[in-house]
Structure formats: structure tokens, C-alpha cells
Amino acid sequence: MKTQIIFVSILLITQFIFSQKKSRADRFFDNGDYINAALQYEEELNQEGYEKHILENISISYYNTFQFKKAYRYLKVLTSGKFYGKDKSYDNSYNFMMHQVLSSLGKYEMAVDFLVLYKKNQETNPLNKLDAIATIEAFKLKDDDYVVNSVAFNSEASEFGAVKLDSTVYFASDRSSHGLMNQKYKWTHRPFLDIYTVKVDSKNIGVSEIEALSGEVNSKLHEGNFCFTSDGNTIYFSKSNSEKGKKKFDSLRNNAIHLYKAIRVDGEWQKPEKLKFNNKEYSIEHPSISVDDRMLYFSSNMPGGYGDFDIYASEINMDGTYGEPINMGSSINTENREQFPFISKEGNLFFSSNGHLGLGMMDVFVSELKENQFTKPVNLGAPINSSYDDFSLTYYNEKDGFFASNRKGKTDDDIFSFSQTGEIFLKEYIANFEVRDYATDNYVPNADVYLQDAERQKVYESTLDSIASFSLSVFPGKYDFRASSIGYKSNIKPILVKEKDNETYVIYLEKEVEPAIVENSKERQTETVTTSEATNKKRNEELTAEELRLKLLSDKVGPPVIEKNGKLYFDLPPIYFDYDKWNIRADSKKVLDDFALKLEKYNTVYIKISSHTDSRGTDSYNQVLSEKRAESTRNYLALVGYVNARRMQFEGFGESAPLIDCDTKNCSEEEHQINRRSEFEITKF
């Protein structure tokens, strides 16, 4: 994320072994020109081989310019000690960088290994690998709470920090606004950031030209994240520390980011004023103000914090002065980076972090305000978060807002709009449970029921009466629902309680098989069917089945039936799923709609839905993901296509049966997509 890096100090972790004159690559690196530094270090590696300080600096250069595959190439050499010299040690920060890079590449199991090593070397907050992987996978399997879309006013430049007031959207961008002589920022080779405006309609589509913010806020240096007071007439914003238009540097020659404010008079923004608690030796940035205009939240790397950048708050006094910055504490802040705070109307704190466990790079988290205390942060999950940088989230009403991301490997940031569709904080929902007869769909009387949660703790246990149902208030999540009754086979069903009230979860019981009763002329007796009768019955069924089999194979209306290895399959176009998701995509719903009509036509046909994933992720995670995809396919056919659910089995096979072996080759996204598939076998007709 270019804009994220703009607001942090340059990493000065390179250790120079030799005292000789700095190379051209080193000079580019020291000046923050990482694009040219990487090019020059490539030449030095070709000439000098794997020198440690070159590996360190080229890794940082590629990391800071979002070329993560190239960064991984050299970090792998560095962290494995395959460089010249007897001393094979390296700074622990490269373990964390490796964790970030691997996460961005979707290799989060490997990434966790380096995070565990990083934590171990820090000698604080040890991390259990299996617990960490389970936490990350829980984020990935979490139901979506948001719908997101890219906004129309993005460009080839970076855009982020969108704030909406009435029908105007304000945002930061490094698109050029100062003409041909515009100075370029060395880090990105792009213009400096300014604040822009665009008028939009109800769907956030621009209805005016995009213009730089009028007045005196923008300058030839950076103006970044910002917020407005409740009346819209005061703006707080991040800006390069300067005096009289010239940069001010700290003792290490870094140009820090400071907070400024400006007042709007008669529609024009007046000359910015620097806040008093700024300090040239560190950055203070990313402001957000509470709804009552009394508390200002921001991010800073000031001394005394928990790590790189922390979230702070300062009280705004009635006389316009500011209280001492207060660190938000260890529940919010980590030894790594917390930035881009946003305070909602409810007082909840949204922020981005690479220190809390997430999906990769910077993720957006939220901490709920309860009894004047912020709770443990919650990862917002996909689709807000991705394996790349996700940041600068703001709401403009109760459900809608904006955030920014450089997802899909882009080297610039884009703004996305979102609508919140689910609950982001854990709450209980009323769930209904029923025990029914598999054949008749009637309640099973006197059923014994037992419900346990994912930790195998008892949630409910009872013997029901003739109305075999009960209701509970339970948290969303995984449960095991067990039922039994006299004369029936016991059954246990894994269920996923949804974030929805009055959803009904049914478990079906099959009756125990009783021996056939046959009457002869003298008495009632139990008798097995004779061999000749069984043979005749079997022949009749084979004849009928053969006729139906031929009819299925010859019927070309709707999805055709094909035969493979002696088995019949419906040959559907691929039911595709996005990476890490199990929702039925819009391009597959029409396919399943046609399939439902075919199943209605052949209502004696039973099918098995088999779902497969690609090889990214752990075996256990892919197994669960494939089961969810198979289940969602079955549910769509049942709920939307009105196909009797009892006619459909489903099973997930994880990554165990790929069509393309991606373990031995570097698969493209298209090849991974081929492995993410569903198959439809006819099991009975």
C-alpha cells in the first residue's frame, strides 16, 4: 500500500558490514527511491553475489514497492542463511516481513511459521501455530457481513481515505494537480498527495468533474487522510511537516507527517494551522473525530508506544486546546502497526493493523465501545479484508461507507464502497430445532435430543414430546445436533447456525428395518423372500432402470447425462466459486436453475454433489471449504430450485482430487479455478 507507507518512517534496519563508499544502489535506498534502488541492487547481485546487506535492502525495496513475489525470492535466501560470510544471523524484522509477504501471496500456513519465529525472537506473546491457523481459517469461513464495489471515480493513480458529506465525496489521491512541473515523490515516482472532491448520486456515481479541494489546504507536499467536524466547517488532515512551504526534517533526516486543521469561511478553506502537540521527531497522522467533536483519534509512532505505530486519542477542550495524547492500550495496539482509526456514530473504533492476526498485510478491525471501554478487536473478514492492504474505512450512515485496498496485486490503491449486510459483533439469535421422520416428514415423538457447540460443550439436552421441536437463543457458529428415538436409527448432524432469527434446523431419523411379514394359508410367519421371487423382481427393476438410463443419456434438453467409468453424471457447465468463498456466483445460478428443471422432470433421480477446492490453504481448511461449497450448491437447488433435499447427498473432497497438479507446478489462476469445481453423480434412478 503506497499510501500506507507514505505515512511511516523509512525502515532503517540495514546493517552495513563494510566501511567502503556507498554504492549507487545504497544512495537510492537511503533517499527512499526504492524503485531505482531495486534495479541497481539487481545489478550488484549479478556482480557480487549474495551479500547480506544487498539481500536486506533489495528485500525492503521490493516490499515497499509491492513486488511481493520478488521480495519473497530474496527474503527466502536471507532467512535461510544462504549468503556470504560466517555470520548467518539477520534482523528479526525480516521474519515479520516474510510473514507479511507470504500472507499476501496466499501462503498463510508458511506465513504463520515466520510469525511464530518472529514472536519467539521477540520473547513476548508466544504464538501457537495451530491456534493461529485456526483463527485465520475462521476469518476465511466467516459469512460475509458486507457487499463491496469499486467506485467509478478511481483512476490509474492511488485513491484512498474517502469521506462523504451530503452528496460530495472527498478523497486523497496522487493524481497530478500541479501541472507539468509537478514534483515527484521519490518513493512512488508519482506526484505528492492532494485532497479532491466529486459530487455523486445515491449510488456514488460521479455527477461532476473531480476537482482539487479549493482554498489553501493542498500544497506541493503530501495532504492525506482527513476528517471533518460535525458541522463540516473544520477539517483535520495529515500533511508533510513543513514551514513556509518547505519540509522540516527530524534528526534522522526523515520528513514526518503532522496533523493540521483548517476552517472553511464562505465556502473557502483558510490557511492550515499545525496542531500544538505535533513533534518534528515523529509522525502524527490519520485523524478521526468523535460525533460530539470532543475526542480526536489518530495514529503515531511517538516514543512510549507498544510498537511501530499506535492508535491514540486526545481530548478537544472547550477553549480549542488539546489534552495530552492517550495511548489506546494493548488491547488495540501491538508491537507492529495500527493506523487509520475511524470512530463511528456509535463510538466503535475501526482501524487497520498488521499486528493482529488477519488475512494478510493490513486488515480492518473493529473494537466495540461497551461501558466506556473498547472490547477485543474483531477482524471484519472478507470481502472488506483481503490478503493485501485494506485500510481507511469510514461510514457515512449506519450501513454504508468506503474503504481502500490494493487487492489483486495492484501497485496503487483504489476506493471501494460497501454496504453492511450482517452483524459484525457477536450476538445471539433465536434458532428452531426439529426432529422429523425421514420418510413421512412427521415429527418423531419422544425424541431424545442433544446439542453441543464447536468446543464440545453441552448447549441443550432434553426428551421431547409428540411435538419434536424446541427453540434456543444461541450464538452463530458450528454445532452438533444429535437425536434418537425408540424404533429409529440415531443420527448426528453438523449444523451451522446463521446470523438470522427464527431459522429452523431439522434432523431426520430413519426407522429401524423390520423383517418382512408374509401370510400363508395356516399362520402368520416371518419369511425371507425366495430366491426365484428376488430374481424376477431384480430383472423387472433392471429393465425399468435400463429404459430410464437410455432415456437420460439421450435427452439433450437441459444439462445432458454422460457415462464415465460405469457411472452416470449430469454434465453441467462448471459451478465456479471465487477463491476462499462458497457463495453461488451469479454466473452459476442460471446453470443450477436449468439443472433444477431437469431434476424436476426426472423426479426419481437421486444425485451426489461432490465439491473440490484448489490446493491453496491447509488440508483441513480445504476440506471444510469444499463441504460448504457442496452444501451451498445443494441448498440452492433445494431452496431456489425446489428440488427435494432428500434426493441430494453432498460431500466435500478438499484438495484431494485435483484435475491439475499444482503442487509440482506453479499454477495460474485459471488452473486453480479448474480445480475449484463441483460434480453431479446420479446415485439412484
Side-chain angles (χ1 to χ4, degrees), residues 5 9-30 34-35 37-130 132-133 136 307-308 334-337 354-355 357 360-361 387 616 618 663-666:
I5 298 172
S9 299
I10 295 176
L11 295 171
L12 296 174
I13 57 177
T14 304
Q15 299 174 352
F16 293 101
I17 300 173
F18 305 104
S19 60
Q20 73 251 26
K21 185 178 178 182
K22 289 183 178 180
S23 69
R24 187 180 184 200
D26 290 336
R27 292 196 295 274
F28 277 127
F29 184 87
D30 290 346
Y34 299 110
I35 294 174
L39 295 174
Q40 293 298 317
Y41 281 129
E42 288 284 6
E43 293 186 10
E44 288 188 14
L45 282 172
N46 289 334
Q47 296 170 3
E48 301 178 26
Y50 286 156
E51 295 285 355
K52 183 165 75 169
H53 107 272
I54 298 177
L55 289 172
E56 290 173 333
N57 285 10
I58 196 172
S59 296
I60 293 173
S61 298
Y62 280 131
Y63 177 83
N64 284 351
T65 53
F66 314 103
Q67 300 178 74
F68 297 127
K69 287 184 178 179
K70 292 181 178 180
Y72 170 64
R73 180 194 307 165
Y74 296 112
L75 283 169
K76 187 176 180 181
V77 177
L78 178 65
T79 56
S80 62
K82 296 179 179 178
F83 48 83
Y84 299 153
K86 293 181 180 180
D87 181 7
K88 300 301 181 182
S89 64
Y90 57 91
D91 193 277
N92 192 34
S93 60
Y94 293 100
N95 288 320
F96 186 77
M97 188 183 293
M98 187 67 143
H99 157 66
Q100 293 276 280
V101 166
L102 287 167
S103 296
S104 73
L105 298 176
K107 301 178 183 293
Y108 60 86
E109 189 170 10
M110 291 172 61
V112 168
D113 286 330
F114 282 92
L115 185 59
V116 170
L117 179 59
Y118 171 78
K119 297 276 190 180
K120 180 181 177 181
N121 291 339
Q122 290 286 98
E123 298 181 350
T124 57
N125 301 321
L127 186 69
N128 180 280
K129 177 181 177 179
L130 294 179
I133 290 174
I136 295 169
D308 188 351
T334 70
E335 67 253 41
N336 300 111
R337 186 185 305 132
N354 66 1
L357 274 178
M361 304 302 286
S387 59
R616 295 176 288 187
T618 63
D663 289 334
T664 58
K665 62 172 291 190
N666 186 19

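Residue numbers run from 1 in the order of the sequence given.
- Residues Leu115 and Phe96 are in side-chain contact: their nearest non-hydrogen atoms beyond the backbone lie under 4.5 Å apart.
- Not less than 6.0 angstrom separates the ring centroid of Tyr62 from the ring centroid of Phe68.
- Other residues, nucleotides and ligands contribute at most 12 non-hydrogen atoms within 6.0 Å of the NZ atom of Lys120.
- A distance of 7.5 Å separates CG of Asp308 from CG of Asn354, quoted to the nearest 0.5 Å.
- Separating the CG atom in Asn57 from the CG atom in Leu78 is a distance of 10.5 Å, to the nearest 0.5 Å.
- Rounding to the nearest 0.5 Å places CG of Leu357 at 6.0 Å from CG of Leu127.
- Looking at heavy atoms from C-beta onward, Phe28 lies out of side-chain contact with Ile35 at the 4.5 angstrom threshold.
- A donor-acceptor pair under 3.5 Å links the side-chain atoms of Lys52 to the main chain of Ser89, judged by distance alone.
- Considering every non-hydrogen atom in both Ala38 and Ser61, the closest pair reads CB-CB, 3.9 Å.
- Rounded to the nearest 0.5 Å, atoms CZ (Phe29) and CD1 (Ile58) are 11.0 Å apart.
- Counting all heavy atoms, side chain and backbone alike, Thr79 lies closest to Tyr94 at CG2-O, 4.4 Å.
- In this structure a side-chain-to-backbone donor-acceptor pair under 3.5 Å is present from Lys88 to Gly85.
- Under the side-chain contact (heavy atoms from CB on, under 4.5 Å) test applied with Leu75, the options His99, Gln100, Met97, Lys70 reduce to a single match, Met97.
- Atoms OH and CD, on Tyr41 and Glu56 in that order, are 10.0 Å from each other to the nearest 0.5 Å.
- The structure places OH of Tyr74 at 5.5 Å from CG of Leu45, a figure rounded to the nearest 0.5 Å.
- For the pair Ser103 and Ser387, the tightest heavy-atom approach, listed with the atom from each and the gap, is O-CB, 3.4 Å.
- Taking both residues in full, the closest heavy atoms of Ser23 and Glu44 are given as OG-OE2, 2.6 Å, listed atom of the first, atom of the second, then distance.
- Although no hydrogens or angles enter the test, the distance criterion places a donor-acceptor pair under 3.5 Å between the side chain of Asn92 and the main chain of Tyr118.
- A pairwise comparison of heavy atoms in Glu48 and Tyr84 identifies O-CE1, 3.1 Å as the closest pair.
- Residues Lys22 and Asp26 share a closest heavy-atom pair of CB-CB, 3.9 Å.
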